[in-house]
Amino acid sequence: MVVLSGARWLRCRLTDRFWRVQEVLKYARHFRGRKNRCYKLAVRSVRRAFVKSTKARREKKRFLRALWITRIGAASLEHGLKYPSFISNLLKSQVELNRKVIADLAIYEPKTFKSLAALAQRRRQEGFLAALGDGKEPEGIFSRIVHRQY
Amino acid sequence: GVLVPVLVPVLVPSEVCWFLCWFLCWFPVRLVAKTSLSSPPWPEVKLPDPVEEAKYHAELVRRVNGLIAAGHYGRLFAVVHFASKQWKVTSEDLIMMDNVLEAECGDRIRMEKVLLVGADDFTLIGRPLLGKELVRVEATVIEKTESWPRINVRFRRKRNYQRTQIIVNPQTVLRINTIEVFPCLS
């Protein structure tokens with residue numbers, strides 16, 4: 001005979017309340033004040049801590065990129081270039097190092113960073129010369145530059 | 001009408017040209033008035049002579065080739081593109097990637113996408129990658145584990161909405177054994 005339901009005088013009692021509480025308190029042990037001991041306060045603090053860490057994981061990427069950009073800008077100013085021209089000229093010279101690595105090079109390999117800055121500076125000057133072109137005027141245009149003077 | 005005689009200095013045209021050339025050689029005249037737009041806003045740029053520059057480049061390449069061939073470099077570092085990330089790497093370095101690598105523990109791996117190699121005296125910058133016959137970066141797979149359980153909690157207050165997700169990523173740890181450079185620059 002198979003009995004599918006328990007007898008009516010059996011009560012369902014929670015026997016592992018201690019471990020359920022410890023599961024939450026173990027994340028709160030390093031907190032300050034009563035929220036590292038008292039379950040009611042700890043539950044709220046632990047939940048807020050997890051939510052903040054979830055959101056911060058997305059912002060960490062933005063924050064680190066801004067940090068790298070600041071560091072690269074400061075290092076390139078030491079070599080006479082600004083950050084936008086440094087990065088744009090490096091990309092135009094087909095050097096595809098990302099900002100994390102360039103920031104590490106600026107800190108730990110100063111000679112290499114100096115050579116990268118020189119490369120960017122040279123590409124910048126070539127860009128200026130290319131922008132000026134031949135110095136000739138397009139044909140058939142009446143311009144204010146006087147060509148013959150008597 | 002009354003004709004007023006006008007005195008005009010008569011000069012033969014050839015004399016005018018000669019005089020003007022001489023004049024302009026000694027006193028160059030700006031044919032454009034100096035305004036804010038008559039010259040570009042950047043300072044004037046002069047590039048070095050291309051022939052001399054080519055000689056200088058060839059000499060530099062020969063010297064660096066000589067250094068590499070003679071082995072006059074200390075510790076080499078390289079920037080490697082691996083697992084969709086760029087790493088600045090030396091020998092005896094540990095690298096941990098957040099995904100699975102299809103190689104067993106103890107397998108030796110060669111990393112092919114090298115962006116930069118440097119030593120104390122020279123750096124080789126790839127545009128964007130360096131040649132495979134120029135650099136060799138070797139690594140060994142050390143361990144394959146899982147990350148610590150990352151907890152994602154989404155919570156909205158007063159709405160009875162709480163979702164918890166525990167994510168465990170597979171990780172692989174590699175040790176960079178050697179970085180070698182070969183003298184095949186040109």
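Note on naming: letters A, B, ... go to the chains in the order of the sequence lines (proteins, then strands), and numbering restarts at 1 for each one.
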- By residue number, those in residues 154-186 of chain B with heavy atoms under 4.5 Å from heavy atoms of chain A are B:F155, B:Q162
- Task: State yes or no: are the ring centers of A:F86 and A:H79 separated by less than 6.0 Å?
- Result: no
- Task: Tell me, yes or no, whether the heavy-atom count around A:R57 atom CZ, taken from other residues, nucleotides or ligands under 6.0 Å, exceeds 12.
- Result: yes
- Select one option (side chain, backbone, both, neither) describing which atoms of A:L97 are under 4.5 Å from chain B's heavy atoms. both
- Could you pull out the closest heavy-atom pair between A:S5 and A:V3, with the gap in Å? O-CG1, 3.1 Å
- Query: Are there residues of residues 135-143 of chain B that reach to under 4.5 Å of chain A by heavy atoms, and which ones?
  - Reply: none
- Message: Assess whether a salt bridge exists between A:K114 and A:E78, defined as any Lys/Arg side-chain N lying under 4.0 Å from an Asp/Glu carboxylate O.
- Response: no
- Would you check if A:T70 and A:Y83 make a side-chain contact, meaning some heavy-atom pair closer than 4.5 Å? no
- Does atom CZ of A:R71 have more than 12 heavy-atom neighbours, drawn from other residues, nucleotides or ligands, at distances under 6.0 Å? no
- Checked A:N98, A:D104, A:V101, A:L116 vs chain B; the most non-hydrogen pairs under 4.5 Å come from A:N98
- So which bits of residues 99-122 of chain B come within less than 4.5 Å of chain A, counting non-hydrogen atoms only? B:L115, B:L116, B:D120
- Message: Using salt bridge (charged side-chain N to carboxylate O under 4.0 Å, His left out), reason through B:E92 and B:R75 one step at a time and then give a plain yes or no.
- Response: CA-CA 11 Å; B:E92 305 157 29; B:R75 183 169 266 264; 3.3 Å; yes
- Nearest heavy-atom approach of B:R150 to B:S147 is CG-OG, 4.4 Å
- Query: Can you check whether A:P84's main-chain N or O pairs, donor with acceptor, with A:S88's side chain at less than 3.5 Å?
  - Reply: yes
- Message: Strictly less than 4.5 Å between heavy atoms, which residues of residues 42-65 of chain B line up against chain A? Please order them by number.
- Response: B:W42, B:V45, B:L47, B:P48, B:E53
- Message: Need one label for B:I125: side chain, backbone, both or neither, based on atoms under 4.5 Å from any heavy atom in chain A.
- Response: side chain
- Query: Does A:E59 come within less than 4.0 Å of A:K52, counting only side-chain N to carboxylate O?
  - Reply: no
- Message: Show the nearest heavy-atom pair for residues B:F82 and B:W87, with the distance to one decimal.
- Response: O-NE1, 3.0 Å
- Query: Between A:K111 and B:T123, is any pair of side-chain heavy atoms under 4.5 Å apart?
  - Reply: no
- Give a yes or no answer on whether the side chain of B:R127 reaches the backbone of A:S93 with a donor-acceptor pair at less than 3.5 Å. yes
- Query: Under 3.5 Å, is there a donor-acceptor pair between the side chain of A:S76 and the main chain of A:G73?
  - Reply: yes
- Among the options A:K55, A:R122, A:R48, pick out the one with the most heavy-atom pairs lying under 4.5 Å from chain B. A:R122
- Query: Out of curiosity, does A:L41 fall in the hydrophobic cluster containing B:V153 (side-chain heavy atoms, cut-off under 4.5 Å, transitive links)?
  - Reply: no
- Who wins among B:K85, B:K88, B:H81 for the most heavy-atom pairs under 4.5 Å with chain A? B:K88
- Message: Could you check whether A:D16 pairs with A:R20 (Lys NZ or Arg NE/NH1/NH2 to Asp/Glu carboxylate O, under 4.0 Å)?
- Response: yes
- For the residue pair A:V24 and A:Y39, establish whether any side-chain heavy-atom pair is separated by less than 4.5 Å. yes
- Message: More than 12 heavy atoms of other residues, nucleotides or ligands under 6.0 Å from CG of B:L37: yes or no?
- Response: no
- Message: Given 3.5 Å as the limit, does a donor-acceptor pair link the side chain of A:K92 with the main chain of A:R123, or not?
- Response: no
